[in-house]
There are 2 protein chains.
Amino acid sequence: MENHGDEYKHYWETQYFLENQEYGSPDGAPSSAASRNIVSERNRRKQLNQRLFALRAVVPNISKMDKASIIKDAIDYIKQLQEQLAGIQAEVMEMENNNPETKVRQQLPLLLRSHNTNIFNPTSSPIQLLQLKVTPMGDNTLLVSITCSKRADTIVKLCQLFESFNLKIITANITALPGTLVLNTLFIEADEKEKDGLKMQIETAIAALSDPQSRMS
Amino acid sequence: MENHGDEYKHYWETQYFLENQEYGSPDGAPSSAASRNIVSERNRRKQLNQRLFALRAVVPNISKMDKASIIKDAIDYIKQLQEQLAGIQAEVMEMENNNPETKVRQQLPLLLRSHNTNIFNPTSSPIQLLQLKVTPMGDNTLLVSITCSKRADTIVKLCQLFESFNLKIITANITALPGTLVLNTLFIEADEKEKDGLKMQIETAIAALSDPQSRMS
DNA sequence: CCTTACACGTGACTC
DNA sequence: TGAGTCACGTGTAAG
């Protein structure tokens, strides 16, 4: 549509900038009175066109080079920018309010937004590890037993942790007890020698999760 | 500065819109040939001024009502918006990286990146629900029993789902069996009447998660 | 008086 | 030829 490159070469801005290069008063003409206005007018128009040209430059997707269309496109673009910015700012606000799990919240429309006290508590709740055992059961099987205190998202984090390890999990069981405890039991297919390595791995991962490093803006 | 309210009342747009109310051809004038151009021109100017007026309307903080200044202000404003948006988008990107899943991934250097087939598989793996029962156990307790097929992240999603519901969970148990099944059992403190509502809620949430709606850019 | 900023009509040009 | 857009010079009102 609108064959760029050929079409526009006659257009005003192009031909305008070619011709419009100072023009002043070649002779010692009177230049007084009325005739001084016309050069003034020329400059006014020149400036106005420059500005319009500049406006066109900052607006992407300009279709018609029409003066009026340029302004219209600029208006639409400004509105679009304003909307985007408003939307994104809202998003940021929301994210800042409830740190990590905003994503989940936004993927589930109604249900979540209805009763939203603060399950996803903003103060990042690291996993508090109470006990960690890795026991070889023979038969290429390790029994991993984890006990930690129940905080918001503890279970989710545990799941993610182990899913990310890419282990050969035979069975996994997570139980949240009525009290404050979360028990996690996994049977993993792995050599007995990996016992200590795996334990280290888990400890390191949990420690990293609880790490209060990343900048608090 | 610039005494608003008095100053601008003589300005072009104001007086322009007062006078400019159709003007057409009062008599059966020839209106042919050249004279038809002048009305065309009038309309062109009119439209152009309208657009300029509209442009001024979407730009806050316009100081001088100058035509050229309006455009200039619009340009500056657009640039400002673009910068703001770019900045905020960067901020959002950064925040999204701090989300739980990504966090685990990025904060745990070696361990995860080493064996990272695609546990967090990009192709959203919806939860495939095989069975859902909500049974009143008396004593203000509901037993929720879920069976679904084991896919990547299924457990994580289930956890997030229930954490987000803000239910009074007495005990929760998730078990991944050696086969392809994931069993989820919860004891929830709730009135018997909420049975069907809760079931619906769970079904809806799972459906929403699996929904292939949101745009695939 | 001079300057600024505008709307107008007109001829030129393109599609 | 006819509709659309443009730059130009001019008259004019306000500061």
Side-chain angles (χ1 to χ4, degrees), chain A residues 1-27 29-57 62-74, chain B residues 1-27 29-57 59 62-75:
Chain A
M1 49 171 77
E2 242 130 12
N3 202 1
H4 293 247
D6 272 21
E7 189 95 316
Y8 294 158
K9 81 178 152 205
H10 321 286
Y11 248 91
W12 55 276
E13 29 171 45
T14 309
Q15 73 196 33
Y16 187 76
F17 275 77
L18 295 180
E19 100 189 24
N20 199 359
Q21 289 290 13
E22 205 69 13
Y23 181 123
S25 46
D27 56 335
S31 88
S32 60
S35 182
R36 193 127 196 87
N37 191 6
I38 103 173
V39 60
S40 225
E41 248 299 291
R42 245 179 261 178
N43 285 0
R44 190 180 87 91
R45 277 197 295 266
K46 176 176 175 178
Q47 194 203 25
L48 221 148
N49 280 326
Q50 282 175 187
R51 290 257 159 88
L52 216 53
F53 185 66
L55 179 61
R56 188 195 67 100
I62 342 87
S63 43
K64 319 219 313 197
M65 300 294 259
D66 217 348
K67 270 181 174 175
S69 297
I70 290 178
I71 300 184
K72 182 184 171 65
D73 287 339
Chain B
M1 49 169 77
E2 241 132 11
N3 201 1
H4 294 247
D6 273 22
E7 190 96 313
Y8 294 158
K9 81 178 152 203
H10 319 287
Y11 248 92
W12 56 275
E13 26 169 49
T14 308
Q15 72 195 33
Y16 186 76
F17 273 79
L18 293 181
E19 99 189 24
N20 200 0
Q21 290 289 13
E22 203 69 13
Y23 182 123
S25 48
D27 55 335
S31 89
S32 59
S35 182
R36 193 131 197 87
N37 192 8
I38 102 172
V39 61
S40 216
E41 249 302 284
R42 246 179 262 179
N43 284 359
R44 191 180 83 92
R45 278 197 294 265
K46 177 176 175 178
Q47 193 202 24
L48 223 149
N49 280 324
Q50 281 176 186
R51 290 256 159 90
L52 217 53
F53 185 65
L55 179 60
R56 187 194 68 99
V59 176
I62 342 89
S63 44
K64 317 220 303 194
M65 299 294 260
D66 216 348
K67 270 180 173 175
S69 299
I70 290 178
I71 300 183
K72 182 186 171 63
D73 287 338
I75 295 175

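Everything quoted here is computed from the prediction, not taken from an experiment. Residue numbers start from 1 in every chain, and the chains themselves are labelled A, B, ... in the order their sequence lines are given, proteins ahead of strands.
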*Report the C-alpha distance between Arg44(A) and Leu48(A) in whole Å, list the side-chain angles of each, state the deciding distance to 0.1 Å, and finish with yes or no for side-chain contact (heavy atoms from CB on, under 4.5 Å).*
CA-CA 6 Å; Arg44(A) 190 180 87 91; Leu48(A) 221 148; 3.9 Å; yes
*asked:* Using side-chain contact (heavy atoms from CB on, under 4.5 Å), reason through Arg56(B) and Met65(B) one step at a time and then give a plain yes or no.
replied: CA-CA 9 Å; Arg56(B) 187 194 68 99; Met65(B) 299 294 260; 3.4 Å; yes
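Contact of the Asn49(A) side chain with the Lys67(A) side chain is registered, since non-hydrogen atoms from C-beta on lie closer than 4.5 Å. A heavy-atom distance below 4.5 Å is not found between the side chains of Ile70(B) and Arg51(A). Inter-residue side-chain proximity for Arg42(A) and Ile38(A) is flagged as met; some heavy-atom pair is nearer than 4.5 Å.
Asp66(B) has its CG atom 14 Å from the C1' atom of dA14(D), to the nearest Å. One atom, CG of Leu48(B), and another, P of dC6(D), lie 7 Å apart when rounded to the nearest Å. Between the CE atom of Met65(A) and the C1' atom of dT14(C) there is a distance of 15 Å, rounded to whole Å. The CZ atom of Arg44(B) sits 17 Å away from the P atom of dC13(C) (whole-angstrom rounding). The separation between Lys46(B) atom NZ and dG4(D) atom P is 15 Å, rounded to whole Å. Computed from coordinates, the Arg36(A) CZ to dA5(C) P distance equals 15 Å when rounded to whole Å.
Between Lys67(A) and dA7(D) there is a side-chain polar atom (N or O) within less than 4.0 angstrom of OP1 or OP2.
Here the side chain of Asn49(B) is nearest to one of dT5(D), dA5(C), dA7(C), namely dA7(C). The Arg42(B) side chain lies nearest to dC8(C) when the options are dC8(C), dG9(D), dA5(C).
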Restricting to nitrogen or oxygen on both sides, can you table the protein-nucleotides 10-12 of chain C pairs closer than 3.5 Å?
| residue | atom | partner | partner atom | Å |
| --- | --- | --- | --- | --- |
| dG11(C) | O6 | Asn37(B) | ND2 | 3.2 |

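Between Leu55(A) and Ile71(A), the shortest heavy-atom distance links the atoms CD2-CA, 4.5 Å.
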